[in-house]
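Computation of the quantities below employed the complete heavy-atom set of this structure, encompassing side-chain atoms and omitting hydrogens, waters and symmetry-equivalent molecules.
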Amino acid sequence: MSFTIHKSFTKNDLIDICSELSLPIVYSKDDTKHDIQTKIYGFFKKWMQYSFPTNHYNLEVLMDLRLYLTSENPNKRLTSKEKDKIIFLSKKILHYANNDYNLKYSDYDTEQEIIDDLYYIAKYGDILSVRKAVESWNKQHGNKTKITPYISHKKKEELEKKRKYKMKDQQLKIHSGSFVVSFS
């Protein structure tokens, strides 16, 4: 039973999958995408059953991995046009928020248009302006519609690492005792 890995997976995506799932595949950064695909196909030919450790892909057995690799990459990269459109929509929403959530001073006619744009851009929570736009919408007083942006596992780890790094710098140190301050 053969299958084809979907073309939306990049070389780095395949390497991440192999390392996250602890697949017994030897690869190097010099390997091409085709080389890594060939090694993954060889893995499937060699192993009939294989259980994966707990992972953020929620894959448990080989069939899950096969289905994941044959479907489109859920974390596929955006084209520059798509990204520009998403950033433009985010800026429109931020403009609405910066003008005191007043429709009169925004490019929108109704709140439903804003909600529609928010649901569209929320899928791309890895982009900073999307997270800012959604956060500003959720801060609005009397807002009944709360929206949560989708943030990939990799980006969540990166943001958590940044947050911890910032927290290290902000530790409060209290020194007690007598101090002499002199001005000359």
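- Between Glu111 and Trp137, some side-chain heavy-atom pair lies under the 4.5 Å cut-off.
- Within the 4.5 Å cutoff, side-chain heavy atoms of Ile87 are placed close to those of Lys91.
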Inset, instruction - Show your reasoning for whether side chain to side chain contact (heavy atoms under 4.5 Å, CB included) applies to Lys156 and Ile151. - result: CA-CA 6 Å; Lys156 281 181 188 175; Ile151 302 172; 3.7 Å; yes

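- Remark: side-chain polar atoms of Arg66 are not paired, donor with acceptor, to backbone N or O of Phe3 under 3.5 angstrom.
- Other residues, nucleotides and ligands place more than 12 heavy atoms under 6.0 Å from the CG atom of Asn102.
- Shown here for Val134 and Pro149, the closest heavy-atom pair between the two residues is CG1-CD, 3.6 Å.
- The heavy-atom pair separating Ser90 from Ser129 by the smallest distance is CB-O, 3.5 Å.
- Glu72 is linked by a side chain to side chain donor-acceptor pair (under 3.5 Å) to Lys76, counting only residues two or more places apart in sequence or in another chain.
- Under the rule for a salt bridge (Lys or Arg N to Asp or Glu O under 4.0 Å), the partners of Asp16 that lie at least two apart in sequence or sit in another chain are Lys154.
- Residue Arg77 holds its CZ atom at 8.5 Å from NZ of Lys83, rounded to the nearest 0.5 Å.
- Closest non-hydrogen pair, His153 versus Glu157, comes out as NE2-OE2, 2.7 Å.
- Between Glu135 and Lys132 there is no salt bridge, since none of the side-chain N atoms of the basic residue sits less than 4.0 Å from a carboxylate O of the acidic one.
- Annotation: ring pair (Phe, Tyr, Trp, His ring centres under 6.0 Å) contacts of Phe88 (sequence neighbours excluded): none.
- In Lys146, the NZ atom is crowded: over 12 heavy atoms of neighbouring residues, nucleotides or ligands sit closer than 6.0 Å.
- For the pair Asn99 and Ser106, the minimum side-chain heavy-atom distance is 4.5 Å or more.
- Between Ile17 and Leu69, some side-chain heavy-atom pair lies under the 4.5 Å cut-off.
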Inset, instruction - Show your working on side chain to side chain contact (heavy atoms under 4.5 Å, CB included) between Asn58 and Asp64 and close with a plain yes or no. - result: CA-CA 9 Å; Asn58 296 324; Asp64 294 341; over 6 Å; no

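- Remark: side-chain polar atoms of Lys139 are not paired, donor with acceptor, to backbone N or O of Ala97 under 3.5 angstrom.
- The heavy-atom pair separating Ile5 from Tyr41 by the smallest distance is N-OH, 3.0 Å.
- Between Tyr101 and Tyr96, the ring planes are perpendicular. Angles over 60° get that label, and only those under 30° would be called parallel.
- With rounding to the nearest 0.5 Å, the separation of OG1 in Thr54 from CG in Leu21 is 11.0 Å.
- Taking hydrophobic clusters as Ile, Leu, Val, Met, Phe, Trp and Tyr residues chained together by side-chain heavy-atom distances below 4.5 Å, Ile147 does not share a cluster with Leu94.
- Here the closest non-hydrogen pair linking Asn55 and Leu59 is ND2-O, 2.9 Å.
- A 4.5 Å side-chain heavy-atom check between Leu14 and Lys33 finds at least one atom pair inside the cut-off.
- Val130 and Leu78 end up in the same hydrophobic cluster when Ile, Leu, Val, Met, Phe, Trp and Tyr side chains are linked at under 4.5 Å.
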Inset, instruction - Test side chain to side chain contact (heavy atoms under 4.5 Å, CB included) on Cys18 and Ile40 and set out the steps. - result: CA-CA 8 Å; Cys18 290; Ile40 292 172; 4.0 Å; yes

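- In the hydrophobic clustering of this structure, Leu128 does not group with Ile86; members are Ile, Leu, Val, Met, Phe, Trp, Tyr whose side-chain heavy atoms approach within less than 4.5 Å, directly or through other members.
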Inset, instruction - Check the pair Arg163 / Glu160 against salt bridge (Lys or Arg N to Asp or Glu O under 4.0 Å), numbers first and verdict last. - result: CA-CA 5 Å; Arg163 189 186 66 77; Glu160 184 63 25; 2.6 Å; yes

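- Ring to ring, Tyr57 and Phe52 are not that close: their centroids are 6.0 angstrom or more apart.
- Judged by distance alone, with hydrogens and angles left aside, the side-chain atoms of Asp126 form a donor-acceptor pair with the main-chain N or O of Ser152 at under 3.5 Å.
- One side chain, Thr10 or Asp13, offers a donor N or O that lies under 3.5 Å from an acceptor on the other.
- Between Lys155 and Glu158 there is a salt bridge, since a side-chain N of the basic residue sits under 4.0 Å from a carboxylate O of the acidic one.
- Taking 4.5 Å as the limit, every side-chain heavy atom of Asp31 sits out of range of all side-chain heavy atoms of Ile15.
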Inset, instruction - Evaluate the criterion side chain to side chain contact (heavy atoms under 4.5 Å, CB included) for residue pair Tyr50 and Val61; output intermediate values, then yes/no. - result: CA-CA 6 Å; Tyr50 196 85; Val61 293; over 6 Å; no

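- Checked by atom type, the side-chain pair Thr32/His34 shows no donor-acceptor distance below 3.5 Å.
- For the atom pair CG of Asp116 and CG of Leu89, the computed distance is 11.0 Å after rounding to the nearest 0.5 Å.
- For the pair Asp109 and Leu103, the minimum side-chain heavy-atom distance is 4.5 Å or more.
- Atoms CG and OG1, from Leu118 and Thr145 in turn, are 9.0 Å apart once rounded to the nearest 0.5 Å.
- We find the CG-CZ distance between Leu23 and Phe43 to be 4.5 Å, quoted to the nearest 0.5 Å.
- Counting non-hydrogen atoms of neighbouring residues, nucleotides and ligands closer than 6.0 angstrom, the CD atom of Glu82 exceeds 12 such neighbours.
- Under the 6.0 Å cut-off for aromatic ring centres, Tyr124 and Tyr150 do not qualify, their centroids lying 6.0 Å or more apart.
- Put simply, the side chain of Asp117 does not reach to within 4.5 Å of the side chain of Glu113, judged on heavy atoms.
- Of the inter-residue distances, the one linking Lys164 atom NZ with Leu159 atom CG reads 12.5 Å to the nearest 0.5 angstrom.
- Relative to the six-membered ring of Tyr27, Lys39 misses at least one condition, a distance below 6.0 Å or an angle of at most 45° to the axis.
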